[in-house]
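Quick note: residue numbers are just sequence positions, from 1.
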Amino acid sequence: RARAALATVIVDNRSAEPLAIFYRMTTLPAAGTRIGRAPPDSITTMAPVPAGEPIILMARTGTGAELELTPRTFDIAVAWVWTIPVNAVFIDRVGAH
């Protein structure tokens with residue numbers, strides 16, 4: 001059986017918001033997979049994400065506003081740090097279709 005190709009995402013949440021962190025595949029509908037939570041002003045390691053194929057990382061506030069990165073591909077077995085700045089702008093996507 002082949003081993004899964006995984007990468008590690010570490011979230012450096014410098015914002016004042018507690019965040020839920022998700023990823024979604026670029027090849028699938030908009031449903032996301034939750035990989036962890038990042039308390040305000042913290043550095044937290046998330047659950048592993050798929051490596052070797054493009055995914056989109058998202059951070060969601062308690063009110064549902066989101067911060068979304070452009071699609072990126074992670075190298076296998078590499079740790080990547082996503083720094084969310086103190087002045088990050090979260091967008092309310094409710095009704096934005």
Side-chain angles (χ1 to χ4, degrees):
R1 188 174 246 209
R3 293 180 53 174
L6 299 173
T8 301
V9 173
I10 299 165
V11 175
D12 180 358
N13 181 11
R14 297 179 183 182
S15 79
E17 297 282 345
L19 302 172
I21 308 299
F22 296 81
Y23 78 88
R24 69 179 168 87
M25 307 300 293
T26 59
T27 57
L28 298 175
T33 300
R34 186 172 159 171
I35 57 172
R37 295 198 56 78
D41 197 27
S42 70
I43 299 173
T44 310
T45 301
M46 302 293 118
V49 298
E53 54 189 294
I55 64 172
I56 298 170
L57 288 174
M58 300 171 290
R60 187 175 298 147
T61 68
T63 63
E66 294 181 346
L67 174 64
E68 184 175 289
L69 295 180
T70 58
R72 62 187 63 231
T73 301
F74 296 95
D75 292 330
I76 297 170
V78 169
W80 183 79
V81 178
W82 180 13
T83 300
I84 299 172
V86 67
N87 61 347
V89 176
F90 295 88
I91 299 170
D92 184 4
R93 298 199 188 278
V94 177
H97 297 283

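- Taking all atoms of both residues into account, the shortest heavy-atom contact from A51 to L6 is CB-C, 3.7 Å.
- In the hydrophobic clustering of ILVMFWY residues, with side-chain heavy atoms under 4.5 Å counting as a link, Y23 and L19 come out together.
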*Kindly determine whether T63 and D92 satisfy side chain to side chain contact (heavy atoms under 4.5 Å, CB included), including the steps that lead there.*
CA-CA 8 Å; T63 63; D92 184 4; over 6 Å; no
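- Closest heavy-atom contact between I35 and P48: CG2-O, 4.4 Å.
- Here T70 contributes atom OG1 and L57 contributes atom CG; the two are 9.5 Å apart, rounded to the nearest 0.5 Å.
- Nearest heavy-atom pair, L69 versus I56, reported as atom, atom and distance to 0.1 Å: O-CG2, 3.2 Å.
- Residue T26 holds its OG1 atom at 13.0 Å from CZ of R72, rounded to the nearest 0.5 Å.
- Taken to the nearest 0.5 Å, the CD atom of E68 stands 8.5 Å off from the CD1 atom of I91.
- With hydrogens and angles disregarded, a donor-acceptor distance shorter than 3.5 Å links the side chain of N13 to the backbone of P39.
- Between W82 and M58, the closest heavy-atom pair is CH2-C, 3.8 Å.
- To the nearest 0.5 Å, atoms CG (L67) and CD1 (I21) are separated by 8.5 Å.
- In terms of hydrophobic clustering, with Ile, Leu, Val, Met, Phe, Trp and Tyr side chains grouped at heavy-atom distances under 4.5 Å, V9 and V78 are assigned to different clusters.
- Residues P54 and T73 have side chains in contact (heavy-atom distance under 4.5 Å, counting atoms from C-beta outward).
- Remark: M46 CE to R34 CZ distance equals 9.5 Å, nearest 0.5 Å.
- For the atom pair OG1 of T83 and CD1 of I10, the computed distance is 10.0 Å after rounding to the nearest 0.5 Å.
- The two atoms that bring T44 and R37 nearest to each other are CG2-O, 3.5 Å, heavy atoms only.
- Of all heavy-atom pairs spanning A65 and F90, the tightest one is CB-CB, 3.7 Å.
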